[in-house]
Colleague: 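The structure's right below; bear with me while I get my questions together.
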Amino acid sequence: MAPLSEGRAAVYEEPLGPPGVRVQTRPRTAAARGDVAIAIRAASINHLDLWMAHGAQKVTPPRVIAADGAGVVETSGDPRWKPGDEVVVYPVVCDWVCAECQAGENVKCPHFGVIGEHSEGTACELFHVDARNVFPKPVALSWEEAAAFPLTFLTAWRMLTTRARLQRGEKVLVVGAGAGVAVAAIKIAKHLGATVFATSRSESKRQRAREIGADEVFDSAEFGKAVRAAGGVDVVFEHVGPATLGESLRSVKQGGRIVFCGSTSGVKAEIPMFRLFWGQLDLLGSTMGNASEFRAVLDAMDEGMRPVVDSTYPLSEVEDALKRLDAAEQFGKVVLSIS
Ligand SMILES: [Zn+2]
C-alpha cells in the first residue's frame, strides 16, 4: 500500500511557506499486510519540503512532509520485521514489481518518487510503509543521526559512486558546502579516500566544511580560478546549477565529470560548449538512488561514516525548522524529534 502517516503529523496545508505546514492529529491503525508501521523517533527535512510549503512542487495539499525517518517497529504485516526492531526508511517511492525494480533499478521505476512528495511523509508519530522500504538502523547512530542521513547520503552516494565513478586518490570539488546533500558528499568522498575541496559564500560554513574533513575550502566568488590554481579536480559535485556551473566547468580537469542532483539557483544554464568537448567532460544527472545503494550507505555508516546534524526541533516547532532551511543558515541536516 502507499505510505500512510498517522498520529500527530506535520501537514502541508497551504502554500504559505513555513507557516503553511501545521501539526494535525490523524487516527492510528495497525500495519496492513506487506507493510510495517514504524513509531517514528526522528524525521528530517529537506529543501524539497520547503519548496512544497512554498507551493513550488506539483503537490495538492494536505500532505504530510518529509522523506527521512527512523524509529521502532510498532506493528508489522511482514514476517521480516517484528515490534521493537529499530529501523530506517529507504526514502524512495516505487512499485517494487516492474522490470526495472526487479533489476534493482528503483530510480528508473515508472512509479518512482520521493516519500513526502509523491506519498505521505515521515514527519509523523506512526508511519506505515512497504516492508521493502524498511532497513535496519545503523546501531552506532543516534535517532537524530539515523533520521539525518537517508535522502542526502543516498543521493550523494549514487552521484559520487555509480554516476561519477569517484576513485580513491582523486580530487572532488563540492560546491555550496552548507546544504545537506553537500555535507553528505564531503563525508562520502572522504570515506572513499578522495581529496575534497569545498566552496561556500560563508566563512563559518567554510570553517565547518574543514572541520568535517574538507582538505581545502574556497569562497564561492569565482572559485574556478582558485581551484584551477590548486591543480583542478576530477569530479565536481553540483546541486546549485546556473549560479555555479561556469565556475564548476573551469574547475574540472580534462576528462573530468560534473554530476548534478539539482539546480537550486534556477532551471536554465548557459554552457560554454568548447569546455565540454575540448575538456572531454561528462555532465551527469542523478536523482536519489537504488535500494542497493542505500544498503551501501548503511554499510559505510557501520564502517564509521557519520551524518552531520545541524539542529533538532520538536515536531510542534516544524515551522521554525522550515524557517531555518529557508534562511539557508544550516550546515548539515535539520531534524524533527518525535517520540
Ligand atoms: Zn518499479
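In each ligand, atom 1 is the first atom listed, and ligand 1 is the first ligand listed.
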Colleague: For the pair Arg33 and Asp78, find out whether any cationic side-chain nitrogen is under 4.0 Å from an anionic carboxylate oxygen.
Modeller: no

Colleague: Is Arg28 salt-bridged to Glu74, cutoff N-O under 4.0 Å?
Modeller: yes

Colleague: Just to verify, what does Thr287 make a side-chain contact (heavy atoms from CB on, under 4.5 Å) with, not counting sequence neighbours?
Modeller: Phe112

Colleague: Using modelled atom types only, decide if a donor and an acceptor are shared between the side chain of Thr75 and the backbone of Ala31 within a distance under 3.5 Å.
Modeller: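 Pair found, side chain donor or acceptor close to backbone of Ala31.
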
Colleague: Between Lys82 and Asp85, is there a salt bridge with N-O shorter than 4.0 Å?
Modeller: yes

Colleague: Please give me the minimum heavy-atom distance between Asp95 and Cys101, naming the atom from each residue.
Modeller: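 In this case the closest contact between Asp95 and Cys101 is OD1-SG, 3.4 Å.
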
Colleague: Ignoring waters, how many N, O or S atoms from the protein are under 2.8 Å from the Zn ion (ligand 1)?
Modeller: 4

